[in-house]
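The next block holds one structure in the form of structure tokens; read it before the comments.
Just so you know, ligand 1 is whichever comes first in the structure, and atom 1 is the first atom listed for that ligand.
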Amino acid sequence: MVKKKIAVLTGAGVSAESGLGTFRDNGGLWDKYDPQEVASIDGYYRNRALVLEFYNLRRKELSGARPNSAHRDIAAMEEKNIVTVITQNVDNLHEKAGSTNVIHLHGELTKVRPEVGVYDDTFSEKEVIDVRYDEVNLGDKAPNGSQLRPHIVFFGEAVPKIDKAIDVIGDCDVLLIVGTSLSVYPAAGLYRYAKSDTPIYVIDPKDIPIRGGNIHHIKATATEGMQEFLKIIETLN
Ligand code: APR
């Protein structure tokens with residue numbers, strides 16, 4: 001049987017049932033913090049200590065989080081399909097659940113890298129350091145002597161892996177979207193790159209902002225919705 005190519009675009013909602021807050025739900029992260037202060041490149045250069053502390057807190061929170069069954073179901077699809085996860089999440093729960101092909105569009109919370117000049121993001125992957133759940137503070141320097149910063153795509157920065165994500169979605173047989181408000185570009189526009197006959201399934205307990213002939217809304221949480229999707233994927237020839 002020919003393996004189906006499944007692209008899975010995820011957002012904070014896939015990690016909600018692991019206890020990690022989403023951004024825009026009531027009580028979400030952006031209710032507590034101003035993203036321009038703690039998650040933008042200008043905010044970082046205005047107040048490095050505040051931003052470093054914000055990511056230290058989120059890294060510490062991540063250390064206690066475990067993948068939920070939605071992460072595990074997504075990973076398990078690799079047994080019979082070619083699965084690429086394109087996530088907006090900076091947590092490592094897809095990898096912890098066993099997904100082996102994960103594209104992090106917005107960076108990775110457990111990783112840091114040197115600041116290479118102001119507003120200059122010419123870093124290479126080999127300079128990226130995995131600090132796991134440890135703190136990184138002002139004065140913590142990279143081998144090249146510059147301050148270590150979160151390996152996160154801040155608001156106002158380019159999304160280096162967007163082209164790779166576009167290629168994956170343009171080539172997939174099925175597109176599954178789980179737990180994203182589709183409100184931050186360019187990630188929010190990725191679904192448009194699917195072929196016109198590619199079925200698109202969107203798992204979200206709330207109403208979704210996109211519609212169209214090949215878009216199917218599974219109105220459920222990630223864990224419940226994945227159970228339903230696994231049944232659907234079995235019927236797709
Ligand atoms: N299961 C599935 N989806 C859920 C669940 C759940 N248990 N709980 C909430 N959701 C849905 C919400 O209805 C919403 O559509 O998850 C989505 C979360 O949306 P956001 O909080 O906006 O998160 P996300 O779409 O990932 O944000 C995108 O914005 O701030 C930036 O870089 C940040 O990557 C993030 C990007």
Fill in: Minimum heavy-atom distance between Ser18 and His71, given as atom pair plus value
OG-CE1, 3.6 Å
Worksheet item: Any side-chain donor paired with an acceptor under 3.5 Å for Asn92 and Glu108?
Response: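 Per modelled atom types, Asn92 and Glu108 side chains form no pair under 3.5 Å.
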Fill in: Residues Thr223 and Ser69: side-chain donor-acceptor under 3.5 angstrom
no
Give the numbers and elements of all ligand 1 atoms closer than 4.0 Å to a heavy atom of [X].
X	value
Phe23	21 (O), 23 (O), 27 (O), 30 (O), 33 (C), 35 (C)
Phe155	30 (O), 31 (C)
Lys206	13 (O)
Gly179	3 (N), 16 (O), 17 (C), 18 (C)

Discussion item. Please check: side-chain N/O of Asn81 versus main-chain N/O of Val83, any donor-acceptor pairing under 3.5 Å?
Written reply: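 Such a contact is absent between Asn81 side chain and Val83 backbone.
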Discussion item. Using the side-chain contact (heavy atoms from CB on, under 4.5 Å) criterion, which residues pair with Lys126? Sequence neighbours excluded.
Written reply: Ser124
Practice prompt. Can you pull out the closest protein heavy atom to atom 25 (O) of ligand 1? Residue, atom name and distance to 0.1 Å, please.
Written response: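 Closest protein heavy atom to atom 25 (O) of ligand 1: Thr180 OG1, 2.7 Å.
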Item to complete: Would you tell me which option among Lys219, Gln88, Arg24, Met226 has the nearest heavy-atom contact to atom 31 (C) of ligand 1?
Response: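 Looking at heavy atoms only, Arg24 sits closest to atom 31 (C) of ligand 1.
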Item to complete: Would you please determine whether Pro205 falls within less than 4.0 Å of ligand 1 on a heavy-atom basis?
Response: yes
Discussion item. Can you tell me which portion of Thr22 lies within the under-4.0 Å heavy-atom range of ligand 1? Options are side chain, backbone, both, or neither.
Written reply: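 Contact part for Thr22 vs ligand 1: both backbone and side chain.
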